[in-house]
4 protein chains.
Amino acid sequence: MTQFSKTKEPLRGIVPPMVTPLNADGSLDSESVEKLIEHLIAGGVHGIFILGTTGEFSGLSYRTRKELIRQTCSLVKDRVPVLVGVTDVSIEESIDLAEIAASAGAYAVVAAPPFYVNIDQKELYSYFKQLADSISLPMFLYNMPSHTKLTIEVDTVVKLAAHERIIGLKDSSAHAVYFQSLCHILKDQEDFVLMVGPEEMMAETVLMGSFGGVCGGANLFPKLYVELYEAALNRDFDKLKSCQHAVMEISRTIYQVGHYKSSYMKGLKTAMSFLGLCQPQFAPPLYPFSEAEELELRSRFEKIASSLMPQSS
Amino acid sequence: MTQFSKTKEPLRGIVPPMVTPLNADGSLDSESVEKLIEHLIAGGVHGIFILGTTGEFSGLSYRTRKELIRQTCSLVKDRVPVLVGVTDVSIEESIDLAEIAASAGAYAVVAAPPFYVNIDQKELYSYFKQLADSISLPMFLYNMPSHTKLTIEVDTVVKLAAHERIIGLKDSSAHAVYFQSLCHILKDQEDFVLMVGPEEMMAETVLMGSFGGVCGGANLFPKLYVELYEAALNRDFDKLKSCQHAVMEISRTIYQVGHYKSSYMKGLKTAMSFLGLCQPQFAPPLYPFSEAEELELRSRFEKIASSLMPQSS
Amino acid sequence: MTQFSKTKEPLRGIVPPMVTPLNADGSLDSESVEKLIEHLIAGGVHGIFILGTTGEFSGLSYRTRKELIRQTCSLVKDRVPVLVGVTDVSIEESIDLAEIAASAGAYAVVAAPPFYVNIDQKELYSYFKQLADSISLPMFLYNMPSHTKLTIEVDTVVKLAAHERIIGLKDSSAHAVYFQSLCHILKDQEDFVLMVGPEEMMAETVLMGSFGGVCGGANLFPKLYVELYEAALNRDFDKLKSCQHAVMEISRTIYQVGHYKSSYMKGLKTAMSFLGLCQPQFAPPLYPFSEAEELELRSRFEKIASSLMPQSS
Amino acid sequence: MTQFSKTKEPLRGIVPPMVTPLNADGSLDSESVEKLIEHLIAGGVHGIFILGTTGEFSGLSYRTRKELIRQTCSLVKDRVPVLVGVTDVSIEESIDLAEIAASAGAYAVVAAPPFYVNIDQKELYSYFKQLADSISLPMFLYNMPSHTKLTIEVDTVVKLAAHERIIGLKDSSAHAVYFQSLCHILKDQEDFVLMVGPEEMMAETVLMGSFGGVCGGANLFPKLYVELYEAALNRDFDKLKSCQHAVMEISRTIYQVGHYKSSYMKGLKTAMSFLGLCQPQFAPPLYPFSEAEELELRSRFEKIASSLMPQSS
């Protein structure tokens, strides 16, 4: 990885929102960070996005966030682009994180709306503009209304897309009309990167022409998501069907133990611990599954893992 | 159309949610009903769905609803299946409408959750079961959380799909993960019809294997939506791209005059009046555009219409 | 009750939203209607409001709604004012119900926003104006955002309050700032009746100068709510404290069996059946408690009833 | 102020959520901090709450937050209790802020739910328990669903109220049923402090027996809110009526310029600048009023100020 430039190719493919490996005391589990990065790169991912929602950014102290930025960039060594989440409620802290990301050699930053104060789109535009004006790296917008309780409306995205440092948007809304509207209205800005978060809809959006996906499940089975992406890109519908089936099974089983609002996060990270990629430790307010829940998850996981091996794990 | 039978082919294709032509005094504009039906059938649609949200069912008196059921079935004369919305807050009224639909020769009924009382999924299941048990026609579920403020959750759909008279679901949530989850979990029930409402996402869901779409814009330009459906079915990506472009232009322009919550409904029906398919008259609480808004719409409409003619209008 | 006139005193006090007694087959339980009306009048209530949310209006057929209007007015025989809910999604049906109410001798009608189509305040204003223009009785607005998913905003109320037939508002939002804002901005329109729905906040609003409450629990224990109202009116804080305690106990126990969204409705109506005031039968989508739930409710009910008797039951 | 002890009297009265004076560059305006503190204490407030929502805590860097804690405690010099908001998405940062507050001599901390991750009540309970276990000062819960999008449910409050360091709750929901439910269920825990945030409902809750209010408008006119509190406490209804009138006029005018979601915050802080108490500078994502808006506000402000002077300003 080197200095980003608008003349280069835009980012395409699978960019996992990397899980943050933690120790029981809340500190960074650096050994697992390294293992996980190698797992992802070996799986063929096209980039790594740290400090997103799946990376539990909001629960981490600033110290831990900064440590993770430096470690990840240093370990990845430009083999794939590193995207760094700088979402925060304080713009000063976001700018600070962005500068650390720039120094560490990251490819770009990713920012969701500030998520406490209730604001209008005009204030949201002004916020993102001020943030982009204050940093040196390129920036992705991050639409995440289930968590920020605020959508970056289509008209606001269009205005922001004109900013030289705003190069794309990750949409985690799962709202297909919103995403198709963005694809349509920004179609002449060909290097503006539009990717979805929810892995269950990644394939259909790539078939329709978008750039890829920020798929949480790729932490677990990176090859599977890369294969699904390539199948969609190549319009290989047989391959797409079988990969999509596996992705939907993961969604239906691994992400739904206990029917908590946090089942996705708890299921994903705990299943990763079965592969030795991290410990089943979470930043508060999340905490580990009960023993019975973990047993249930293990049984579901083994069924899926055995059906995937060896080709896609 | 004749008696429905599970041995027959399930419904596939474009099933417009027919706009209800009204006179200025709120009564049914029967002349336009006939014109509109012929327009739709000439456009190649695969079915007609009356008394949905786009049909303004909720604003119509029972007398008008019953009149429309009888007129439509009589005019369509089994050339395409007629689906009849029976959504209501009173189950007795829904059953009454369903029996009128059955007598008139409709193909099936369509029911959204009762939309006033706040209920849990268990009550929702019980409600739909009681409704399906009390009628003679097959029934589609209708997921419309933006209006009913209640999602028919995936697990509830699965339980209801086992009912012999529940044969499909129309999903207007625009939530791609919800829809893919339904497609996955019901994949072995091959004749269970899954269609989306929002036309902007119809193509991608058909590419992924679903049955078609209940596209409002097909009231205006039925051929365009039929072509888009067929392009997706046949994986003709060039055709798909040009049709999708036109559909998104309609979405971005015709449906967004005035930025009201009701802009879709007002834009669609008023644009249809430009083609002589109905009058720009609405059931309260909606009312016509101002003159300036109508002028703005006409200018947008003419641009789109001229780009479509003659092949797809 | 006789012809309403703006020169008369505005309505004040406790106006229970009367539960609708039903038979197991969904028809009106006329015998219980009579018993319940006598129970309420004997308890000293200042009016009776039928076909509100607690009256399960939305689940009733039009036939049943009309029957209840006629029976209630005939049985009450002008001993107290009868208010008739005409809330509906079709303005034609609302107007029809309002005319039946007028013929039957009702005092006023009560209308919440139409609850299916998503609209803006301008459309809401236009809707209420059209409704008020089309009927002969005075009308109360009914703010019920938990069910209609739309607030009648303060500015909209102010504009509507200028209409000669709009004489008050029942607020069931439980939003104290909203209610105080209405009281403040309408303070010079001294006969505009402002009442809250939630009984838990009735006393404090009367202390602050409002007109009374539409208290569901008054179906069960009318005297208790009348006493609480009078204590607040007379600033008898000792009496107020003991009555408020009883009201809060009802809220905490009778209304919370099973933690359903419908626990209030199911608990209230089932407890009333213990007093022989109706059967524990509901309009779909609600259905009776399980046997265990009913037992739990009975035990809670007996504890409260014994603490109230004989003075307030 | 000295070490808190459960044997002492619980906090009662008016505890303004202090506005954070900022310079144009986002740094703390220390001169105004001092002026504002003296203004509040001279106005008779019973405590000062810093780093709440009105204090724009979420937009401030950690450096600024820590600086404000130290300055405020040092300037107040135990004349009134200082409450310090430690709400954050990272529990480590909350604990850090709490320890700084303890060292600085604060009376208690105040914590709202973590506001990014979607969680269940069980996780929320666990979070608050872990936080209370990890700090040395007493703690108030802070219910603020409009911003955190999560209510601390009554049952969760009851469980947390048993914790020795959790001594009260500030409720900014404006939901009168919720607040009365808390008052009822916790009535035997007589020193558990229950206060509301919205000043429009403070008087009625004090009439019903609660402890006071965290009134934003007290930044501007502290005497007015203290007088309203005392009138409610002493059941002086004439005084209460005139003070409530003034408070509602402030709510209706000062807080509603421009009809933004942020109008309260922008109106309050800008009006304070008219009194020389701070500059009209905000933490992003908020920004100053336009010139026209400021003129409109000034005209409204002068009308209110002149009606209040000299007795209550």
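We name chains A, B, ... by the order of the sequence lines, and we start the count at 1 in each one.
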What donor-acceptor contacts under 3.5 Å connect chain C and chain B, backbone and side chains included?
unit_1   : atom_1 : unit_2   : atom_2 : d
C:Thr53  : OG1    : B:Tyr116 : OH     : 2.7
C:Ser58  : O      : B:Ser90  : N      : 3.4
C:Tyr62  : N      : B:Glu93  : OE2    : 2.8
C:Ser90  : N      : B:Ser58  : O      : 3.4
C:Glu93  : OE2    : B:Tyr62  : N      : 2.9
C:Tyr116 : OH     : B:Thr53  : OG1    : 2.7
C:Asn118 : OD1    : B:Lys149 : NZ     : 3.4
C:Asn118 : ND2    : B:Ser146 : O      : 3.1
C:Ile119 : O      : B:Lys261 : NZ     : 3.4
C:Asp120 : OD2    : B:Lys261 : N      : 3.1
C:Glu123 : OE2    : B:Ser262 : OG     : 2.6
C:Ser146 : O      : B:Asn118 : ND2    : 3.1
C:Lys149 : NZ     : B:Asn118 : OD1    : 3.4
C:Lys261 : N      : B:Asp120 : OD2    : 3.1
C:Lys261 : NZ     : B:Ile119 : O      : 3.4
C:Ser262 : OG     : B:Glu123 : OE2    : 2.6

task: Name the option with the most non-hydrogen atom pairs under 4.5 Å to chain B; the candidates are C:Phe57, C:Phe128, C:Phe115.
output: C:Phe115
Option in C:Ala112, C:Pro285, C:Pro113, C:Gly26 with maximal non-hydrogen atom pairs under 4.5 Å from chain B: C:Pro285
- prompt: In terms of heavy-atom proximity below 4.5 Å to chain B, should C:Met265 be classed as side chain, backbone, both, or neither?
  reply: neither
- prompt: What part of C:Ile119 gets closer than 4.5 Å to chain B, counting heavy atoms only: side chain, backbone, both or neither?
  reply: both
- request: Check each atom of C:Pro114 against the heavy atoms of chain B and say whether the ones under 4.5 Å are side chain, backbone, both or neither.
  value: side chain
